[in-house]
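Just below is one structure, and these are the notes that go with it.
All values below come from the heavy atoms of this structure, side chains included, with hydrogens, waters and symmetry mates left out. Remember, it's 1-based here, ligands and their atoms both numbered in the order they're listed.
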Amino acid sequence: MQRKRVIIEGIVQGVGFRPFVYQAAERIGVSGWVLNDSRGVIVEAEGEAGKLAEFLRVLREEHPPLASISRFEEEEIPPVGERGFVIRQSRALATRSAQISPDTFVCDDCLRELFDPADRRHRYPFINCTNCGPRYTIVTDIPYDRPKTTMAAFPMCPQCQTEYDDPSSRRFHAQPNACPDCGPRLTLLDARGELVPAEDPVARTAELLRQGKIVAVKGLGGYHLAVDACNDAAVAELRRRKARDEKPFALMSYGLDQVEPYARVDETESRLLQGVERPIVLLRHRVPSPISTLVAPRNRYFGVMLPYTPLHYLLLKDQFLALVMTSANLSDEPIAFEDGEARQRLSKIADYFLVHNRRIHTRTDDSIARVMAGRALLLRRSRGYVPRGVFLPGAQPSVLALGAELKSTICFTQDDRAFLSQHIGDLKNLEVFKSFERTIGHCEAILELKPSIVAHDLHPDYYSSRYAEQLSGVRKAAVQHHHAHLASCLAENGVEDEVIGVIFDGIGFGADGHIWGGEFLVGGFSGYRRVGHFQYLPMPGGDAATKEPFRMALSLLYHAYGKDLPAVPLVEAIGARDLGLYLQMIEKRINSPLTSSCGRLFDAVAALAGLRERVSYEGQAALELEMAITGEGGEHSYPFAIRREEGGWIVDPAPLIRAVVEDLQRGTTAARLSSGFHNALAEMIVDVCARVREDAGLNAVALSGGVFQNRYLTERALALLEKAGFAVYTHSLVPSNDGGLALGQAVIAGRMFPAE
Ligand code: ZN
Ligand code: ZN
Ligand code: FE
């Protein structure tokens with residue numbers, strides 16, 4: 001006889017781990033017990049050596065679908081000779097919290113019951129079990145137990161309670177367990193908030209959607225606005241009511257068979273679509289397709305997700321090729337999640353509201369992913385992923401990192417793990433800022449962390465930096481934006497060494513006070529050197545240039561030609577009087593800060609190509625420039641000038657702009673112009689990296705920053721760099737945009753104050 005004590009850490013609570021241990025013990029024939037404590041799951045098991053070894057193998061290798069084990073420690077202890085195997089009462093919490101699992105899609109077992117007329121939960125929109133269902137969005141505090149969730153308001157009926165108490169049930173300690181007798185309910189309301197009588201609110205909603213109505217649907221982490229995606233008039237009306245919003249709408253389809261007619265899905269994309277996290281995946285659209293062209297104007301991709309709540313399955317079963325399921329918010333506002341607030345804000349957009357009485361505690365947007373070079377890249381890491389930890393290359397003191405401003409997320413670290421928050425949004429919006437503060441408090445509570453080190457962006461005016469400013473009793477680390485991007489990429493790839501960082505994005509505060517955004521760095525977690533960058537150019541009107549790409553185009557034209565601007569459509573469209581004004585701004589540097597931004601170069605080329613003079617959302621011009629590329633692109637390219645100055649390698653776009661202008665004057669297409677520009681960038685990256693390799697003796701390159709959400713550029717640069725013998729690191733687990741910045745800040749700050 002042998003006895004072992006096992007401590008299992010990771011996401012092991014609320015995911016059916018104890019019943020799994022219990023069932024394995026019964027099956028294999030070992031005695032002992034299992035319990036949850038603050039660290040995770042503790043097991044003591046006793047039996048003959050062979051059986052015990054088999055039991056431990058099963059625990060390690062066959063854990064339940066939602067569990068994820070981060071640490072597995074076993075030690076031998078003296079046998080005590082007990083009989084049978086039991087699940088013991090959870091122990092009171094010590095200091096460290098067990099991790100809470102992300103919200104998860106409906107498992108196959110629950111789905112089968114959902115559509116089984118004989119099942120007591122037939123068509124019950126809140127069906128769940130220990131393997132699936134809401135988690136992060138309903139947790140109000142720890143330990144993760146029903147009273148500490150928004151399910152506390154629903155006492156279980158005797159039948160549900162029996163399942164909850166039965167170790168052999170799939171619903172043993174499933175905290176959100178419920179049924180039609182005791183659980184949350186749906187109601188259908190009209191735009192004025194009046195009850196719409198309906199025996200089956202879901203069936204009635206589907207009917208309304210078929211009629212072309214707009215319905216606000218309360219989901220897991222917030223509200224969606226739904227319309228039939230094949231109904232042009234309905235989609236147009238939704239666009240009209242969501243005024244000024246040109247962003248593509250996300251789609252939801254029942255399964256891959258329904259996606260097939262309108263989008264191409266490769267193997268990686270199909271795995272991603274069907275994964276437990278259920279992100280929105282960007283898929284190349286088919287032309288023609290039955291989907292309304294207004295869903296994603298000027299885009300070659302549809303954002304598509306498969307259903308992730310029982311309600312979605314009920315809505316889509318046997319009907320609709322796809323529904324538009326776009327976050328229910330007005331531009332710039334956070335996704336609506338509180339009932340009163342949602343009805344008020346959405347009353348002018350939605351014709352009907354399909355709501356329920358389970359409160360959403362934490363607002364969580366849908367995650368967005370895109371496959372590049374055969375790997376998934378998260379563009380937005382939120383619902384389904386949060387709060388799962390990201391492993392760091394090593395343990396470090398606990399840090400709270402506050403991120404940037406526009407795509408705000410925050411990050412907590414504990415030992416060798418980092419917890420990134422859900423996507424919070426643009427902190428300049430007051431509602432979003434409140435949500436930022438709430439998220440910090442909530443994460444501190446559920447992670448049981450109160451870090452004494454706070455990291456923030458170097459930009460003194462970001463709301464996140466100002467938040468850090470007013471904190472007392474903590475050590476603060478101001479982290480340069482592009483250094484943080486670099487560290488974020490290294491952290492998720494587990495790289496400790498110094499590398500060459502190619503960091504291209506829109507805007508970040510530079511160490512010299514200028515606006516950086518096209519940077520070549522050499523460095524790692526403990527520091528960096530700037531070894532190259534795009535030539536500084538005036539950004540006429542500062543922030544206004546971000547919204548009006550034509551301004552940056554003028555700045556580049558001026559840089560390449562001086563005052564005598566060439567005859568291109570953009571220049572003619574602006575008109576002599578305004579042109580004079582802008583040129584003065586540029587020449588005299590009036591309200592024109594200097595920038596080395598690569599994002600702004602994209603803007604300029606998009607404006608020259610006649611795609612966009614103004615944008616309605618961040619990154620729109622760059623996105624549309626990428627979308628202008630047809631087919632495989634081609635080999636055509638434009639020249640950059642690269643020269644060495646005191647500040648490192650300077651990349652001068654003047655020859656590129658002149659070549660673009662000549663092509664334009666010859667009447668070239670936007671497609672050729674765009675692929676030529678992308679190819680030029682990729683070639684220039686390799687060129688500069690090769691020079692830096694000579695100087696610094698480094699052979700590894702990290703690509704980070706929002707520009708690398710661009711698939712064409714990323715794949716091209718990756719291929720060329722690898723061909724030139726470089727080892728290349730790219731993002732996958734966290735966004736390359738500012739949504740992943742907090743991770744990098746956290747690791748850099750952890751190294752700044754190593755001994756706490
Ligand atoms: Zn389930
Ligand atoms: Zn019940
Ligand atoms: Fe950035």
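Side-chain contact, D145 with H173: no donor N or O sits under 3.5 Å from an acceptor N or O.
Note on the Zn ion (ligand 2): protein N/O/S atoms under 2.8 Å are C157 SG, C160 SG, C179 SG, C182 SG.
The Zn ion (ligand 1) is the vertex of the angle joining SG of C132 and SG of C107, which measures 110° to the nearest 10°. For the pair OD1 of D738 and NE2 of H481, the angle whose vertex sits at the Fe ion (ligand 3) is 90° to 10 degrees.
To the nearest 0.5 angstrom, N128 atom CG is 11.0 Å from C179 atom SG. Atom CZ in F412 sits 9.5 Å away from atom OG1 in T439 (nearest 0.5 Å).
Looking at D505, its N, O or S atom nearest to the Fe ion (ligand 3) turns out to be OD2.
Contact annotation: H482 places no N, O or S atom under 2.8 Å from the Fe ion (ligand 3).
Between the side chain of N493 and the backbone N or O of T730, at least one donor-acceptor pair lies under 3.5 Å. At least one donor-acceptor pair under 3.5 Å links the side chain of D103 to the backbone N or O of R135.
A cation-pi geometry, defined here as NZ or CZ lying under 6.0 Å from the six-membered ring centre and within 45° of its normal, holds between R383 and Y308.
Aromatic pair H356/F126: centroids less than 6.0 angstrom apart.
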Does the side-chain hydrogen bond (donor to acceptor under 3.5 Å, both in side chains) test come out yes or no for H731 and N737, once each step is laid out? CA-CA 10 Å; H731 281 277; N737 61 44; over 6 Å; no
